[in-house]
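Step one of this worksheet: look at the structure below.
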Amino acid sequence: MVGRWHTTVSSPGKPPTRVVIVFRTDHRVEITGQTSIAGAPACVGGGSWWTTSADGLGFEVTHPLPSPGGGVLGTVRSHQEGALSADRFSTSGEAFVDQPDGSTAGPYPVSTVGTPARR
């Protein structure tokens, strides 16, 4: 599980998003996704991960939700659990969006599929 993974994050009604997830040995998670027009990541976040069984995993991440105009629409909090093999993981869960006005939207269903990054 530890290492860099290329993932596709899906939520009904939205286009799939490619995200790089790095699972650290100290159980931290770092995510990078959605590059801006200038090529810099518009979405950077983090959280933690854990094992749920010999072939199961879970993780939670928090990251800003970029707007198409370059601002921030809120902060996404997501919880995922699923299965892991040597060359793939898949998870499902839900996300909430903490909005600038103090309200929270969601839950929204979210799924993730990842493969190890080859360097």
Side-chain angles (χ1 to χ4, degrees):
M1 184 77 238
V2 171
R4 182 180 173 97
W5 295 72
H6 292 288
T7 70
T8 301
V9 179
S10 301
S11 188
K14 301 200 180 295
T17 303
R18 296 206 182 270
V19 176
V20 173
I21 301 179
V22 179
F23 295 94
R24 301 284 183 195
T25 57
D26 63 0
H27 291 262
R28 287 181 303 125
V29 174
E30 298 168 1
I31 66 167
T32 307
Q34 297 181 331
T35 56
S36 68
I37 295 171
C43 178
V44 176
S48 60
W49 70 273
W50 57 91
T51 56
T52 58
S53 65
D55 61 352
L57 76 144
F59 60 92
E60 292 180 332
V61 294
T62 302
H63 63 83
L65 178 62
S67 73
V72 176
L73 297 173
T75 301
V76 175
R77 294 179 288 115
S78 181
H79 175 91
Q80 297 281 296
E81 290 195 7
L84 169 69
S85 67
D87 62 353
R88 182 177 190 274
F89 78 81
S90 61
T91 60
S92 61
E94 58 188 20
F96 294 86
V97 179
D98 296 327
Q99 300 175 349
D101 67 4
S103 64
T104 299
Y108 301 104
V110 177
S111 62
T112 303
V113 175
T115 56
R118 308 283 184 226
R119 291 188 187 224

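Model, not experiment: these values are computed from the prediction.
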Establish whether V29 and V110 are linked, either directly or via other cluster members, by ILVMFWY side-chain heavy-atom contacts under 4.5 Å. yes
For the backbone of R24 and the side chain of E30, can you confirm whether one donor and one acceptor N or O come within less than 3.5 Å of each other? no
From L84 atom CG to L57 atom CG, the distance as rounded to the nearest 0.5 Å: 5.5 Å
Working note: V20 + H6, criterion side chain to side chain contact (heavy atoms under 4.5 Å, CB included); need CA distance, chi angles, decisive distance, verdict. CA-CA 5 Å; V20 173; H6 292 288; 3.9 Å; yes
Basic-acidic side-chain contact under 4.0 Å: D26, R28: yes
Can you spot which of F96, W50, F59 makes a ring pair (Phe, Tyr, Trp, His ring centres under 6.0 Å) with H79? W50
Is it true that W5 and V19 fall in one hydrophobic cluster, defined by side-chain heavy atoms closer than 4.5 Å? yes
If we ignore hydrogens and angles and just use 3.5 Å, is the side chain of S53 paired with the main-chain N or O of G56 as donor and acceptor? yes
Which heavy atom in A105 sits nearest to a heavy atom in Q99, and how many Å separate them? CB-NE2, 3.3 Å
Could you please spell out the steps behind the side chain to side chain contact (heavy atoms under 4.5 Å, CB included) verdict for M1 and T51? CA-CA 9 Å; M1 184 77 238; T51 56; 6.0 Å; no
Checking the side chain of S11 only, and the main-chain atoms of P109 only, is there a donor and an acceptor separated by less than 3.5 Å? yes
Might you point out which heavy atoms bring D87 and P116 nearest each other, and give the distance in Å? O-CD, 3.4 Å
V76 to A95 - nearest heavy-atom pair and separation: CG1-CB, 4.1 Å
Between V97 and L73, is the side chain to side chain contact (heavy atoms under 4.5 Å, CB included) condition met? List the steps. CA-CA 9 Å; V97 179; L73 297 173; 5.9 Å; no
Flag, side chain of H27 to backbone of W49, donor-acceptor distance under 3.5 Å: yes
For E94 and P107, which heavy atoms make the closest approach, and how far apart are they? OE1-CB, 3.5 Å
Would you name the heavy atoms of I31 and G46 that are closest together and state the gap between them? CG1-N, 4.4 Å
Does a donor on one side chain and an acceptor on the other come within less than 3.5 Å for T8 and R18? yes
